[in-house]
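Remember, it's a predicted structure, so these values are computed and weren't measured experimentally. Note that the numbering runs from 1 along the sequence shown for the chain.
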Amino acid sequence: MNNIDTTIEKLKASPLFYLFLSSRELFHSNFWFWLSTLNKIETAKLFSDKSITNDITFKREHNQSNGEFKASVDLYVEDKIVIENKVKDFPTSSQLERIKQSFGKSDIDFVLTTLFWTNDLSFEGWIVKTYRTISESIEPSKFTNDPYYQNLISDYKQFTFNLSELSEQLEIRQEYDFAISLNKVLYGKLNEIKLWEGYQKLRASHLLIHFSKSNTHNVSTAYSINNQKATIDFVIDLQDGYKLGVQIEDIQYRKFVIGKKAGKFAENLIGNNLFLNNTFSGRGKKPYLNYGDSFKYQYEKIERLTFNDLFEKINNDIQNIIDEIDNIRGQIPSS
């Protein structure tokens, strides 16, 4: 933690850090585009080894379509390099594949620039450039002779290096170990510099990428951030807007139901000993808790778990749903 403290102080000393906080990914993409206005070839070299001449065109927030495939990318060197920039989370393979399909060309370099990285990930057909690699490649004097611009580029180079140094100190393990309740000290440090929610998005997206490899029942998955906590959903659609599944938030492992008459649905399931626990007692000794009228849930507490153990637990609960799916559908209230 002492190393993290030192790196955070370095970041806070830079005015660029406070500009970065206003728009994480756009800040870097815009800076790279500005570099291209100074020197197109040197900017392109930050991302690709492709042979480049000075007649290239850089585009920001480029929209591309090819038949049914449509995508928007952060930075595009026309007909040469596609750059997708990620600061707060990891992309999914399907997102990156959609980008590739939208261009429909095999001679383009597809580059993923990312603040965070872990070697347990790979994305076929994509070149990965970490922020550390980009920082180390920047040589201010190659972009301009203007002393002010050189100093600004030098500041950006150092700031990006410090940012990447922080990211490397936040170990990304194949474990559910990133809940606030399990990381109160780290939460305090990252929240001070407004990076805790980004860290939650990063870790939740990493978890779901790995779950996709063991998603034996092809359930729908998603994550969101609620009250600075990653909320991760594993959902089965039933019928008529009714759903059920597993949700993880902080140290709560939840079983939930969703629907217009979610309360009655939950009661029917409990009464028939299906999916929900008939011994659960929540606030006021209620048999379930709720968010609004359409979301009811029960929970048990969990601690640090490896991905393998967590995914086994989730898949077992999903399997129990599949085994009783007809009986569960039979408990959906009539409209």
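- Less than 6.0 angstrom separates the ring centroid of Phe47 from the ring centroid of Trp32.
- A donor-acceptor pair is defined here as one N or O able to donate and one able to accept, closer than 3.5 Å; such a pair exists between the side chain of Gln95 and the backbone of Thr92.
- Interatomic distance, CD of Gln158 versus CG of Leu16, reported as 11.0 Å (0.5 Å rounding).
- Trp196 contributes a side-chain N or O that, together with a main-chain N or O of Gln228, makes up a donor-acceptor pair within less than 3.5 Å.
- For the residue pair Thr133 and Thr130, a side-chain donor N or O sits within less than 3.5 Å of a side-chain acceptor on the partner.
- Taking Ser122 as the reference, nothing meets the side chain to side chain donor-acceptor pair (under 3.5 Å) condition, with sequence neighbours excluded.
- When atom types are taken as modelled, the side chain of Asn191 and the backbone of Tyr187 share no donor-acceptor pair closer than 3.5 angstrom.
- Contact between Val257 and Ala262 at its shortest, heavy atoms only, is CG2-O, 3.7 Å.
- To the nearest 0.5 Å, the span separating CG on Leu305 from CD on Gln174 amounts to 14.0 Å.
- A distance below 6.0 Å separates the ring centres of Tyr149 and Trp34.
- Across Lys194 and Leu21, no two heavy atoms sit closer than the pair CB-CD2, 4.1 Å.
- Under 3.5 Å, the side chains of Glu61 and Tyr76 contain no donor-acceptor pair of N or O atoms.
- Atoms CG and CD, on Asn226 and Gln247 in that order, are 8.0 Å from each other to the nearest 0.5 Å.
- The closest side-chain donor-acceptor pair between Thr7 and Gln169 falls under 3.5 angstrom.
- Here the OG atom belonging to Ser72 is positioned 9.0 Å from the CZ atom belonging to Arg60, to the nearest 0.5 angstrom.
- Among all heavy-atom pairs drawn from Leu121 and Trp117, the shortest one is O-CZ2, 3.4 Å.
- Asp233 and Thr231 share no donor-acceptor pair across their side chains, judged by distance under 3.5 Å alone.
- No option in Tyr223, Phe234, Tyr176 other than Phe234 meets the ring pair (Phe, Tyr, Trp, His ring centres under 6.0 Å) test with Phe211.
- Under a 4.0 Å N-O distance rule, the pair Lys157/Glu139 does not qualify as a salt bridge.
- A cation-pi arrangement is absent between Lys86 and Phe116 under the rule of less than 6.0 angstrom and at most 45 degrees off the ring axis.
- Of the N and O atoms on the side chains of Gln331 and Asn327, not one donor lies less than 3.5 Å from an acceptor on the other residue.
- Between Arg203 and Asp177 there is a salt bridge, since a side-chain N of the basic residue sits under 4.0 Å from a carboxylate O of the acidic one.
- Ring pair His28/Tyr131: centre-to-centre distance below 6.0 Å.
- Side-chain rings of Tyr18 and Phe20 stay apart, their centers remaining 6.0 Å or farther from each other.
- Checking side-chain atoms of Gln200 against main-chain N and O of Ile225 turns up no donor-acceptor pair under 3.5 Å.
- In the hydrophobic clustering of this structure, Phe161 does not group with Leu163; members are Ile, Leu, Val, Met, Phe, Trp, Tyr whose side-chain heavy atoms approach within less than 4.5 Å, directly or through other members.
- Scanning all heavy atoms of the two residues, the minimum distance from Gly125 to Phe110 falls at O-CB, 3.8 Å.
- For Glu197 and Lys201, the salt-bridge test fails: no basic side-chain N is under 4.0 Å from an acidic carboxylate O.
- Judged purely by distance below 3.5 Å, without hydrogens or angles, the side chains of Thr53 and Asp55 pair a donor atom with an acceptor atom.
- Atom CG of Asn85 and atom CG of Asn30 lie 10.0 Å apart (nearest 0.5 Å).
- If you look at Tyr242 and Phe265, their ring centroids are closer than 6.0 Å.
- Residues Asn320 and Glu324 have side chains that never bring a donor and an acceptor to within less than 3.5 angstrom of each other.
- Closest approach of Gln150 and Pro140 over heavy atoms only: O-CB, 3.7 Å.
- When hydrophobic residues (I, L, V, M, F, W, Y) are linked wherever their side-chain heavy atoms come within less than 4.5 Å, the members clustered with Phe280 are Val235, Phe256, Ile258, Leu289, Tyr291, Phe295, Tyr297, Tyr299.
- Between Val111 and Thr113 there is a side-chain heavy-atom pair separated by less than 4.5 Å.
- A side-chain N or O of Asp120 and one of Thr118 form a donor-acceptor pair less than 3.5 Å apart.
- Between the Ser205 side chain and the Leu202 main chain, a donor and an acceptor come within less than 3.5 Å of each other.
- Asn66 and Gln101 share no donor-acceptor pair across their side chains, judged by distance under 3.5 Å alone.
- Heavy-atom minimum distance, Asn183 versus Phe178: ND2-CA, 3.3 Å.
- To the nearest 0.5 Å, the span separating CZ on Phe58 from OG1 on Thr37 amounts to 10.0 Å.
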